[in-house]
Protein chains: 4
Amino acid sequence: MTAPTDRRAQLAEAAFEVFTSRGYRNSAVADIVAAAGVSHGSFYNYFTNKREILDAAIDYGLESLGPQLTPPTEPAADLDEFLDAMTAPFRALHEFAMTNDRLVSLIVFDAAAIDDALTNRVIEVVESVAVDWQHQIEHGVQAGFLRPGLDAQVLGEVMVAMTLVVLLPAQGGAPLPGGLDHVISQIAEFLRAGLAAPAPHA
Amino acid sequence: MTAPTDRRAQLAEAAFEVFTSRGYRNSAVADIVAAAGVSHGSFYNYFTNKREILDAAIDYGLESLGPQLTPPTEPAADLDEFLDAMTAPFRALHEFAMTNDRLVSLIVFDAAAIDDALTNRVIEVVESVAVDWQHQIEHGVQAGFLRPGLDAQVLGEVMVAMTLVVLLPAQGGAPLPGGLDHVISQIAEFLRAGLAAPAPHA
Amino acid sequence: MTAPTDRRAQLAEAAFEVFTSRGYRNSAVADIVAAAGVSHGSFYNYFTNKREILDAAIDYGLESLGPQLTPPTEPAADLDEFLDAMTAPFRALHEFAMTNDRLVSLIVFDAAAIDDALTNRVIEVVESVAVDWQHQIEHGVQAGFLRPGLDAQVLGEVMVAMTLVVLLPAQGGAPLPGGLDHVISQIAEFLRAGLAAPAPHA
Amino acid sequence: MTAPTDRRAQLAEAAFEVFTSRGYRNSAVADIVAAAGVSHGSFYNYFTNKREILDAAIDYGLESLGPQLTPPTEPAADLDEFLDAMTAPFRALHEFAMTNDRLVSLIVFDAAAIDDALTNRVIEVVESVAVDWQHQIEHGVQAGFLRPGLDAQVLGEVMVAMTLVVLLPAQGGAPLPGGLDHVISQIAEFLRAGLAAPAPHA
DNA sequence: CATGAATGAGTGTTCATTCAT
DNA sequence: TATGAATGAACACTCATTCAT
């Protein structure tokens, strides 16, 4: 019925739907093949075990996550552009998390329960985002609009950590106080004051 | 072997060890009773099901976490005291997480996969910590050493999120760049610049 | 709290309540001791096992059944008295079964599922009732108002079997068509025609 | 070993053997699969639970019962034919019960202990037999060889009840006094006298 | 005789994985 | 490559019975 070449993709997509709606441990291989409309035995022609299709399902999910997460690679020219670039992912992540809460849950919470390989994979994604922010900050220091002496690596990770604020509401946390725009503007002001170079004396 | 009165505690402790080393879903009741040196049937004299002992195991783990987590209830008198109070939990949390990494993993990562009740419990702990920080900030604004216009609620949650920086290394993340002291001093400087009231013009 | 001498009776009564409301196999010793307000361990001071208390519970139940079941021992003097004596137990049994349906169910249906000893006990009760009816019929033949040539033993058992008609409604069967009085009068007419000696030619 | 198409039937047959020899509650799924020479897990490919295979096992047993139970559908032409038709099932039932005593026990005695659905199923079988007898009687009244004024519905149920006489010996009761033929002839005479229309005056 | 904690064999059920066709 | 029946180890949970106090 489906072209044989994308049986694997078809199964991965079905697994994504099943895993994100039931969680990894609560999902049976039988659920996945049923969702894919494929025979039970066929599963093992494409994946050696249940664990393996989890990677494929997460890949499938991440294909839509990636672009929104990455901040612009062009370094900001001045402080205002910098703040825009730093806060843009907060908005994107919040919206992504609100509409894909089960995927976030799958990646973040199921991962650690399954094995170290998956945990490390998640951590790598997180670290790579931190590095993007780190570069923005390094450039801002060099360009002179950020305070000298900033440790860009530490602050890149601080930025990553701060995204938790906009992710938690999607995972059952309290709604953002004052709404997303207000929270982002507070963060922007916090960053402006916290990171900007002191105003030169007139 | 153990005083009969705390069989329940004995089982909870064993469950804590088992859950933190294998994860909740990968642990069998048989593992717990084996670790406790108790018969299989006895388990159900003390807990009505496997889910119930998870609460007890987490309680057991949290008894040592609680005190270290809470920031001082005395409001800070000036900016330096404030920064000390704000950053102290980072050190405590880092040390706790480094020595109790499996408990953190159990609480943070297993919770969501199990129950909404447990997820909510975790979120409540987190929110309560956010509120403590929020009060510190509110007081600092009133006392005049923090910038007016700060939204203490938002920034309290930002603080909670930032703790992720010192928690991740215990969960398999990269080691803290420059060490804990360096990271904390960077955060302190960030907070000082980001939150302090502008210096009055001489 | 209770006189120690009737602990056994107290347990038997509790067992009767528990067994008749839940069935033997679905009742736990824990249920019985809870209903009796007695400690779990005490049970085995009075009964060697769960099976044994079933006998005691049935004894307890039968104490109220016995009198209503037995037809009058005085032999009937004529055909009308005979028919009254033969049909009276139908009314009694119907009423007993309607108000004690769970006991009937326990005795009749649980018995066979448990062991042959209990089955035989039930059958003995039934046979003893059959013998009572048999004697009535034998006497009627001798007195001349019943047809000669009747096999009183066979017809005694037929009478026992016929009681099933008035027992089934209590066990979930259809209600008696026309009501109990109508059914009994039909049976009486059936017996009159079926058993009476032919009217002497005038 | 067995044609794959009737694994379900194979299991049902094994369950029938197990249930009729041990009773439903005393039989484990493990016993059934062992008797069928099938793996434990296979059971749940064919039945969703233990309760479900009981229905199949009873169906299996009833396939041989059904035909013998049903009285002829052709209405009797005269009193002698009527008595033959009425008593024929007694012989059939007796023989069935003697050779299938454990099935009868399973159906009659286990049913009530299990659930209402099964109890109702048994009662429906019984009622349907009663209706067959009822029709015979109705026809006999119309044809004039049975007494007018008979309530065919009541007497149909009385007939069903009377079959108990020939069923009990298979369940551990005393043997039929005088043998089956004698008992049936006694019942036939009883019915003849009890139901026949009065002989017209010469 | 009273207690209730301890026991452990037994239950029905699930599911990832295999393999003959 | 496709299939789906077959597998069996593992699971959470029950409960009649024992026994030290």
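For C/Thr20, the side chain to side chain contact (heavy atoms under 4.5 Å, CB included) criterion is met by C/Phe16, C/Arg102, C/Leu103, C/Leu106, not counting sequence neighbours. Residues satisfying the ring-ring contact (aromatic ring centres under 6.0 Å, His included) test with C/Phe47, not counting sequence neighbours, are C/Phe43. Take A/Arg121 and apply the side chain to side chain donor-acceptor pair (under 3.5 Å) test, not counting sequence neighbours, and it matches A/Asp55, A/Asp59.
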- Under 3.5 Å for both distances, Watson-Crick or G-U wobble, that's the pair rule; now give the dot-bracket for DNA chain F, with | marking pairs to another strand and [ ] for crossing ones. .||||||||||||||||||||
- Message: Generate the contact string for nucleotides 12-21 of chain F. Rules: B means base contact, S means sugar-phosphate contact only, - means no protein heavy atom under 4.0 Å.
- Response: SBB-SBB---
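The backbone N or O of C/Ala97 sits nowhere less than 3.5 Å from a side-chain atom of C/Asn100 that would complete a donor-acceptor pair.
Spacing between atom CD of A/Glu52 and atom C1' of E/dA16 amounts to 14 Å, rounded to whole angstrom units. Atoms CD1 (A/Ile114) and P (E/dA16) sit 12 Å apart, rounded to a whole Å.
Residue C/Tyr46 places none of its side-chain N or O atoms closer than 4.0 Å to OP1 or OP2 of E/dC1. For the pair C/Arg7 and E/dA2, the criterion of a side-chain N or O lying under 4.0 Å from OP1 or OP2 is met.
Residues A/Val29 and A/Tyr44 are in side-chain contact: their nearest non-hydrogen atoms beyond the backbone lie under 4.5 Å apart. Residues B/Asn26 and A/Arg25 form a side-chain contact, since some pair of their non-hydrogen atoms from C-beta on lies under 4.5 Å apart. With a 4.5 Å cut-off on side-chain heavy atoms, C/Leu11 and C/Arg8 do not count as touching. Within the 4.5 Å cutoff, the side chain of C/Arg7 has heavy atoms near those of the C/Gln10 side chain. For the pair D/Asp101/D/Gln171, a side-chain contact is recorded, criterion being any heavy-atom separation below 4.5 Å from C-beta on. Looking only at side-chain heavy atoms (C-beta outward), C/Tyr46 and C/Val38 stay at 4.5 Å or farther from each other.
A heavy atom closer than 4.0 Å to some atom of DNA chain F occurs in no member of residues 13-23 of chain D.
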